[in-house]
Chemist: 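Supplied in structure tokens, the structure appears directly below.
Below, chain A is the first sequence line, B the second, and so on; all start at residue 1.
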Protein chains: 2
Amino acid sequence: MANISDIAKQAGVSKSTVSRVLNGHKHVSKEKRRIILDVMERLEYSPNGNAINLSRGETNTIGVLVPRVGHPFFHQLIEGIGQVCMERNHTLLVIQTEHDSSKEEASMQYLRDKRIDGLIIGAISQPQLLKTMRTLGPVVACEDHQGIVPSLSFNHEKAITMLLQHVEERGAKTVGLCLGNPDSGVGRVRREAFDQYLKTSTLRHGIQWYADRCYSFEDGQALASQLLTIDLPDAIIVGNDEVAAGLIHQFRKDGIRVPKDIAITGFDDRPIARALGLTTIRQPVVGLGRLAAKQLLDQKELDNQKKIILEMELMIRRST
Amino acid sequence: MANISDIAKQAGVSKSTVSRVLNGHKHVSKEKRRIILDVMERLEYSPNGNAINLSRGETNTIGVLVPRVGHPFFHQLIEGIGQVCMERNHTLLVIQTEHDSSKEEASMQYLRDKRIDGLIIGAISQPQLLKTMRTLGPVVACEDHQGIVPSLSFNHEKAITMLLQHVEERGAKTVGLCLGNPDSGVGRVRREAFDQYLKTSTLRHGIQWYADRCYSFEDGQALASQLLTIDLPDAIIVGNDEVAAGLIHQFRKDGIRVPKDIAITGFDDRPIARALGLTTIRQPVVGLGRLAAKQLLDQKELDNQKKIILEMELMIRRST
DNA sequence: TTGAAAGCGTTACCAC
DNA sequence: GTGGTAACGCTTTCAA
């Protein structure tokens, strides 16, 4: 593989001049530029990215930290971030933790060793790591982490409130709650918003109607079966469309009428929600990803206090 | 940020020695090793990745080329590849083309400029690029590209055959086909297998029962409405669960009984398939990703002729 | 067991 | 406009 010196030699110029045409600098005579370009073409020259990175001290690469790319929220997020990266000639490094917390720590390494210029946090289970990360380079989070790093997030409080208000208007007197990871940022915020709403409402909740760590269709089915062994609440707020779909599926199988016997709501507005007529919350996740990437790439100085809140939309369907 | 020279200086040794402990070489006295480690700790030293990459001429990073990470097939694939990368301390670069063919060409650049050691092709719309890619470095494809690059792929012929056999056994006399991208590797293979099967069967197909470029739930709904304006086939093979779900949804809305009036099959065994009781084909995509990554990382010399075929499973449910 | 020095392929500063 | 040369931070070979 030819390198910049080969080009310089064959073109009868110095490396500097070659570098100049490589980077589109002015002050290179038309004549030499042409010759250099010719030689490059002939030798199928391509600059070595690592050398450029090393020399410039930056990589034009950003990372995104997610538990799993398979999760709908995260792959939409990555899609959005990826779009912006393309538009700005940056590359995107995807770091999957697979819920292994040591992987979260390892992700800092990319920042440390200069393999990425910045990092977007899709979700993190050890928020205490954020402080260190922030010292290593630009970071933005896609969940709220009160002032430790700049963040963009959805208005989960409002979403939960909308859902509760909605089922209450439809006549629910009792309500259940089913979450995914209760320790995640979202999990905590949703839980709080839920509790908060109940304080000022006549809606009743009971511990027997609470569940968490539900992630899949099957988890939803299992939960339905379990709920059937006790009294059903009039409504249940579920943190994820697929779990909600599992519930609906199992309830219907067992002759429970939705929403007559129990109203069910989901989150995310996935295709399955449309298919089953599930009332849910639509979150513009791709848009969130785009915004996060822009924040990271645009801001020279990131403000840790900066917090952007995105609104969501209530999609009312026949499950409530 | 401290660099290797700082460490050497402070520890009173040469860069070589520091480098040796960095890379776990033997022949370093216990004493010096301890001192060096201490200094590193104190200075919070972390080696610069780009310098290592440049010096070694490899990056321990591989790329994966996909149209969109949002597509279920591709994010499962990425998940599998990512797992293997983690296990082997490699990094994964995700390259999204968003169906823009110039992005496919651009992806070769990563190989050229040494930013990645190898490339996994999730899907490619311009297979002619593969020849060039192969000259630039190790490449494996997750679709069959007859001997241009080593490939891993699912036995789509057999899957289509199983589906057709199945609906035929259930009494279908006429059958429709609905594909995604007809020009993709999979699209072509499925089409051919479909045509092939019909030749030796009494099942009938007609051009009015063919559709392609259907990707979403909504596309399925639209197709259902369109089919309703003509005679329905007894069964329809759909290349994607979400599209099949859209069909079922719309048909039911219009009073068409599934599978009585029309049997429907999907592909992928997504949650939505279980929810709607859709007969479909389950593909172990994560496993495919894992295998592909292992191929790329394990083989010193990749054999372009090598072809691994993975079997799939027919999931029979109540839509047929 | 250790060190000196020559790469690796660029960029960027300083002369001319 | 152009060229020389010192970075950038590491690995690796050769001697000692």
Side-chain angles (χ1 to χ4, degrees), chain A residues 1-37 39-40 43-61 89 109-117 136-137, chain B residues 1-37 39-40 43-61 91 109-117 136-137:
Chain A
M1 274 265 161
N3 62 26
I4 198 173
S5 302
D6 299 336
I7 305 298
K9 211 167 295 167
Q10 297 234 6
V13 300
S14 72
K15 292 196 295 178
S16 321
T17 305
V18 178
S19 177
R20 287 190 189 99
V21 346
L22 237 26
N23 295 286
H25 289 177
K26 352 208 129 265
H27 306 307
V28 177
S29 69
K30 278 242 173 299
E31 178 60 7
K32 301 215 168 187
R33 160 167 279 120
R34 207 189 45 66
I35 299 184
I36 292 173
L37 256 15
V39 177
M40 286 180 176
L43 268 53
E44 297 187 322
Y45 169 71
S46 183
N48 179 305
N50 290 121
I52 298 177
N53 291 163
L54 175 59
S55 185
R56 287 223 179 96
E58 58 174 39
T59 58
N60 276 18
T61 299
N89 278 306
Q109 199 50 36
Y110 288 104
L111 231 33
R112 262 209 200 89
D113 70 15
K114 307 294 179 201
R115 254 184 269 256
I116 57 179
D117 295 340
L136 299 174
Chain B
M1 276 269 159
N3 62 27
I4 198 174
S5 303
D6 298 336
I7 305 297
K9 211 167 297 167
Q10 297 233 6
V13 299
S14 73
K15 292 195 296 175
S16 321
T17 307
V18 178
S19 177
R20 287 190 188 98
V21 346
L22 239 26
N23 295 287
H25 289 179
K26 356 207 125 265
H27 307 309
V28 177
S29 68
K30 278 239 173 300
E31 179 56 5
K32 301 216 168 184
R33 160 167 279 122
R34 208 189 44 68
I35 299 184
I36 291 173
L37 256 16
V39 177
M40 285 181 177
L43 268 53
E44 296 187 319
Y45 169 70
S46 183
N48 180 305
N50 289 120
I52 298 178
N53 291 163
L54 175 59
S55 184
R56 283 218 243 267
E58 58 174 39
T59 58
N60 276 18
T61 300
T91 301
Q109 199 50 37
Y110 289 103
L111 231 34
R112 262 210 202 88
D113 69 16
K114 307 295 180 201
R115 255 184 270 254
I116 57 179
D117 296 339
L136 299 174

Chemist: Just to be sure I understand the geometry, which residues of residues 22-34 of chain B put a non-hydrogen atom under 4.0 Å away from DNA chain C?
Modeler: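 Per residue number, the list reads B:H27, B:V28, B:S29, B:K32.
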
Chemist: Within this structure, what is the CZ-to-C1' distance between B:R20 and D:dG9, rounded to whole angstrom?
Modeler: 17 Å

Chemist: Can you check whether A:T59's main-chain N or O pairs, donor with acceptor, with A:D117's side chain at less than 3.5 Å?
Modeler: yes

Chemist: Using a cut-off of 4.0 Å on non-hydrogen atoms, how would the nucleic acid contact of B:I52 be classed: base, sugar-phosphate, or nothing?
Modeler: sugar-phosphate

Chemist: Find the distance A:M1:CE to C:dG7:P and express it as a whole number of Å.
Modeler: 21 Å

Chemist: What is the distance from CZ of B:R112 to C1' of C:dG9, rounded to the nearest Å?
Modeler: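 So the two atoms are 17 Å apart, to the nearest Å.
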
Chemist: Closer than 4.0 Å, any side-chain N/O of B:S14 to the OP1 or OP2 of C:dG3?
Modeler: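 Looking at the OP1 and OP2 atoms of C:dG3, one of them is under 4.0 Å from a side-chain N or O of B:S14.
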
Chemist: On a plain distance test, is the side chain of A:K15 in donor-acceptor contact with the base of D:dT5 below 3.5 Å?
Modeler: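 Side chain to base: no pair below 3.5 Å.
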
Chemist: Could you state the atom-to-atom distance from CZ of A:R115 to C1' of D:dG9 in whole Å?
Modeler: 13 Å

Chemist: Would a 4.5 Å heavy-atom cut-off, applied to side chains only, mark A:I4 and A:L22 as touching?
Modeler: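 A:I4 vs A:L22: side chains touch.
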
Chemist: Are the side chains of A:N48 and A:N3 in contact, using a 4.5 Å heavy-atom criterion?
Modeler: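 No, every pair of side-chain atoms sits at 4.5 Å or beyond.
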
Chemist: Is any side-chain N or O of B:T17 closer than 4.0 Å to OP1 or OP2 of C:dG3?
Modeler: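 Checking C:dG3 against B:T17, a side-chain N or O does come within under 4.0 Å of OP1 or OP2.
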
Chemist: Can you name the nearest heavy-atom pair linking A:D113 to B:P47, along with the distance?
Modeler: CB-O, 3.0 Å

Chemist: B:I4 has a side chain; which of C:dC14, C:dG9, D:dT11 sits nearest to it?
Modeler: D:dT11

Chemist: Between B:N48 (CG) and C:dT10 (C1'), how many Å, whole number?
Modeler: 13 Å

Chemist: Using the rule given for side chain to side chain contact (heavy atoms under 4.5 Å, CB included), can you reason through A:M40 versus A:V18, listing the C-alpha separation, both sets of side-chain angles and the distance that settles it, and then say yes or no?
Modeler: CA-CA 10 Å; A:M40 286 180 176; A:V18 178; 3.7 Å; yes

Chemist: Counting any heavy atom closer than 4.0 Å, what does B:V13 reach on the DNA or RNA strands: base, sugar-phosphate only, or nothing?
Modeler: sugar-phosphate

Chemist: Establish whether the base of D:dG9 is bridged to the side chain of B:S5 by a donor-acceptor pair shorter than 3.5 Å.
Modeler: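 There is none.
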
Chemist: Does OP1 or OP2 of C:dG9 have a side-chain N or O of A:N3 closer than 4.0 Å?
Modeler: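 It does, given that an N or O in the side chain of A:N3 lies less than 4.0 Å from OP1 or OP2 of C:dG9.
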
Chemist: Considering all heavy atoms of both residues, which atom of A:R33 and which atom of A:H25 are nearest to each other, and what is their separation?
Modeler: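 Looks like NH2-O, 3.1 Å.
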
Chemist: Is there a side-chain contact between A:S16 and the phosphate of D:dT2, meaning an N or O under 4.0 Å from OP1 or OP2?
Modeler: no

Chemist: For A:T61 and A:N53, run side chain to side chain contact (heavy atoms under 4.5 Å, CB included): C-alpha distance rounded to whole Å, both residues' side-chain angles, the deciding distance at 0.1 Å, then the answer.
Modeler: CA-CA 10 Å; A:T61 299; A:N53 291 163; 5.9 Å; no

Chemist: Rounded to whole Å, how long is the line connecting atom CG of B:N53 with atom P of D:dC8?
Modeler: 18 Å

Chemist: For the pair made of CZ in A:R56 and P in C:dG9, what is the distance, rounded to whole Å?
Modeler: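 So the two atoms are 17 Å apart, to the nearest Å.
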
Chemist: How long is the line joining CG of A:L54 and P of D:dC8, in whole Å?
Modeler: 9 Å

